[in-house]
Amino acid sequence: MSDLINHRIRRSWTEEGGAAAGLPDRAVRWLGQRIGVLGADRDRKPAAPAPVAESALTVPVRTEFEDLLGADQVLLDPAERLGRTGGLSYLDLLRARAGAAAPVPDAVLLPATPEQVQAVLELCVKHDIGVVPFGGGTSVVGGVAALRGDKSAVIVLDLVRLDELVSVDPVSRIAVLQAGVRGPEAERLLAAHGYTLGHVPQSFERATIGGFAATRSAGQASSGYGRFEDMVTGVRLATPKGEWRLGVAPASAAGPDLRQLAVGSEGALGVITEVALRVRPLPEERQYEGWIVDGWEAGAAAVRKLAQDHALADVTRLSDVDETDVSFSLNASLKTAALRGYLSLRGIRNPCLLIVGWEGDVARRRRRTSAMLRRSGAVRIGKVLGESWRHGRFSGPRQRDALLDLGVCVETLETAAYWSNLDELHDAVRAALVASLGRAIVMCHVSHAYETGASLYFTVLTARDDRDPVAQWQRAKAAASEAITGLGTISHHHAVGVDHAPYLQAEIGKLGVEVLRAAKSAVDPTGILNPGKLIG
């Protein structure tokens, strides 16, 4: 257990940090040519962490927690507390590397059962202590920052010990998993019964079932398996007003679907302890391949046609011209010059890479998707590109550490819009980022497609401004968020947290915020749950 806990609290994606996914020299040279001088941090030792204040928990309160959970499950050590000070956004990692001060919890509690989670909340209500639920710690929007609001103390409730597959119903194809089960472990547990969730977001290696539910996560194969909220058939939550269980049937007209209020609640309306999920048989076959379309607008039109004619592959990912150029330039397995020459002969002037992947019933579905892509003018490149993407799809988070070592500002942001707004949104966000950052690489891809619209996922690389690197990204993120507002959603799958809270009212209206506040008041009248998140 200690090894797992230690892995989860490291302030990098891997235990080894940048050394785990170092960039080849040619990639470093290419980046330097594109965004400027690199290497600022390569030889610099990490700064010592900021001093951690003494825990504000009184001895009697700490004793009550220890009596409930056991003394070894109430962690007061500064390193344990410092390890749960936030998520894995660029600014989180930057502050950790600089040893900058951040909100540090007064204790970390490790309950082992849903009943213990409920009992912890009851003690926190009794003593008016803030509670921050913590899963994989992968939030990039401040969702797990240890803010205390108006409370004199705040604890982090790490759900790592809620790690069981509770039940499998093979008749209904429903599995119940505890909230602390991480993505790979969930797949291992389900595979033993012949099933899969098929939920593979980029945070898959570290994120948890509870985190997926709390943030309305979307996996890379969501076109085939659905978003996480589509998989949820039931939820069990601990709240300050008592335990709350939702989900008794596959569909219901008994008022609004309160499961969907719990899913996406970000720990502000309760601590998710168990999730009942629709599962599917393990696929017998998987096939991924790469296609090229000529230009972003043509690519988006092709994906829209697939979505509206119900011919999407399980994974359908369209990169814009800039992201495609980066992929070609940095992919060592590609003979880039030969590929560009071939595409030019085929009339492709502005290549955009389209990755499509099928799982399960491959042959029939692949034929239909491929026929439609050919009619749209797309050129099939083959399995090499598709399999290269599939095997390297988790490399992005790992490489952030190596990029930070080089003095690169590297961050992502995402949104979604209806098809009629998508091109305008793509151009507006890109322009806002370039105007704010200057010499930068701004890449974008469609990561999820629907009949009515699609998501856009942006990745930004620029030389870090060491005079004030925090303000550098804050300005860029604010500019991008302003460009999004009115055209699309402030978050397609990263959630609201702290970073997006200022833009929530523009999306759901003042009355919508009041409805959320009323729901919070009903389940959390003293405001102990995840202070400052979702609705501020």
Side-chain angles (χ1 to χ4, degrees), residues 125 130-133 139 141-145 147 149-151 213-218 227-230 232 235 237 239-242 244-247 251-272 413-422 424-425 428-429 448 450-456 477-536:
V125 170
V131 179
V132 179
S139 174
V141 293
V144 293
L147 305 179
D150 61 355
K151 309 306 175 189
T215 59
R216 288 188 177 271
S217 175
R227 289 167 56 96
F228 200 75
E229 67 262 30
D230 301 325
V232 174
V235 188
L237 302 96
T239 85
K241 293 294 288 291
W244 193 13
R245 292 176 182 255
L246 296 164
S252 171
D257 187 354
L258 294 180
R259 285 174 300 187
Q260 295 304 322
L261 184 63
V263 175
S265 58
E266 301 186 33
L269 301 181
V271 179
I272 295 170
L413 58 92
E414 43 77 47
T415 179
Y418 296 121
W419 288 113
S420 54
N421 291 339
L422 200 71
E424 182 182 359
L425 179 61
V429 174
H448 307 80
Y450 310 91
E451 285 187 67
T452 55
S455 68
L456 297 177
K477 179 64 182 286
S481 298
E482 292 294 337
I484 288 168
T485 301
L487 287 174
T489 177
I490 197 61
S491 177
H492 173 262
H493 59 266
H494 281 172
V496 175
V498 174
D499 296 356
H500 293 151
Y503 305 94
L504 185 61
Q505 182 170 311
E507 183 163 332
I508 67 174
K510 183 178 180 181
L511 183 57
V513 174
E514 290 177 3
V515 169
L516 286 179
R517 290 192 187 282
K520 184 169 179 63
S521 179
V523 298
D524 182 24
T526 61
I528 66 167
L529 290 174
N530 217 3
K533 315 304 170 20
L534 185 60
I535 51 178

* How many angstroms lie between atom CD1 of I535 and atom CD of E514, to the nearest 0.5 angstrom? -> 11.0 Å
* side-chain contact (heavy atoms from CB on, under 4.5 Å) evaluation trace for K520 with L529 -> CA-CA 9 Å; K520 184 169 179 63; L529 290 174; 3.7 Å; yes
* Asked: Going by heavy atoms in the side chains, are L269 and T239 under 4.5 Å from each other?
  -> no
* Measure across H492 and A416 and return the closest heavy-atom pair with its distance rounded to 0.1 Å. => CD2-CB, 3.6 Å
* With sequence neighbours left out, write down each residue that passes side-chain hydrogen bond (donor to acceptor under 3.5 Å, both in side chains) with Q260, or none if nothing qualifies. => R216
* Do S265 side-chain atoms and A262 backbone N/O form a donor-acceptor pair below 3.5 Å? -> yes
* To do: Return the minimal non-hydrogen interatomic distance between P531 and G149, and the atom names on each side.
  => CB-N, 3.9 Å
* Mind listing the closest non-hydrogen atom pair of A145 and V132 along with its distance? => O-CG2, 3.9 Å
Donor-acceptor contacts, no H, no angles, side chain residues 504-511, under 3.5 Å, sequence neighbours left out:
residue, atom, partner, partner atom, Å
E507, OE1, T489, OG1, 3.2
E507, OE1, I490, N, 2.8
E507, OE2, T489, OG1, 2.8

* Asked: Between D524 and A268, which heavy-atom pair has the shortest distance, and what is it?
  -> OD2-O, 4.2 Å
* Exercise: identify the closest heavy-atom pair between V144 and P133 -> CG1-O, 3.8 Å
* **Counterpart residues, side-chain hydrogen bond (donor to acceptor under 3.5 Å, both in side chains), relative to N421 (two or more places apart)** => none
* **Expected output: side-chain S521 to main-chain R517 donor-acceptor under 3.5 Å** => no
* Is the backbone N or O of K533 less than 3.5 Å from a side-chain atom of N530, with the two atoms forming a donor-acceptor pair by type? -> no
* Within the side chain of W419, is there an N or O that forms a donor-acceptor pair under 3.5 Å with the backbone of E451? -> yes
* Asked: Is the backbone N or O of R227 less than 3.5 Å from a side-chain atom of D230, with the two atoms forming a donor-acceptor pair by type?
  -> yes
* Tell me, do L147 and V498 make a side-chain contact under 4.5 Å, heavy atoms counted? -> yes
* **Atom of D499, atom of G142 and distance for their closest heavy-atom approach** => OD2-N, 4.2 Å
* Structure fact -> Sequence neighbours excluded, the answer for side-chain hydrogen bond (donor to acceptor under 3.5 Å, both in side chains) partners of S217 is H199
* Under the salt bridge (Lys or Arg N to Asp or Glu O under 4.0 Å) test, residues paired with E266 that sit two or more places apart -> none
* Residue pair I272, V235: steps toward the side-chain contact (heavy atoms from CB on, under 4.5 Å) verdict -> CA-CA 7 Å; I272 295 170; V235 188; 4.1 Å; yes
* Under the side-chain contact (heavy atoms from CB on, under 4.5 Å) criterion, do I484 and L425 qualify, and how do the steps go? -> CA-CA 7 Å; I484 288 168; L425 179 61; 4.1 Å; yes
* **Derivation of the side-chain contact (heavy atoms from CB on, under 4.5 Å) call for E424 and L487** => CA-CA 8 Å; E424 182 182 359; L487 287 174; 3.7 Å; yes
* Asked: Can any side-chain N or O of H494 pair as donor or acceptor with the backbone N or O of S139 at less than 3.5 Å?
  -> no
* To do: Kindly write out the residues that satisfy side-chain hydrogen bond (donor to acceptor under 3.5 Å, both in side chains) with H448, not counting sequence neighbours, or none if the list is empty.
  => S455
* Asked: Does the side chain of S491 reach to within under 4.5 Å of the side chain of T415, using non-hydrogen atoms?
  -> no
* To do: Kindly say whether H493 contributes a backbone atom to a donor-acceptor pair with the side chain of E414 at under 3.5 angstrom?
  => yes
* Asked: Does some side-chain heavy atom of L413 sit less than 4.5 Å from a side-chain heavy atom of K477?
  -> yes
* Say you draw a straight line from OG1 of T215 to CG of L534; how long is it, rounded to the nearest 0.5 Å? -> 11.5 Å
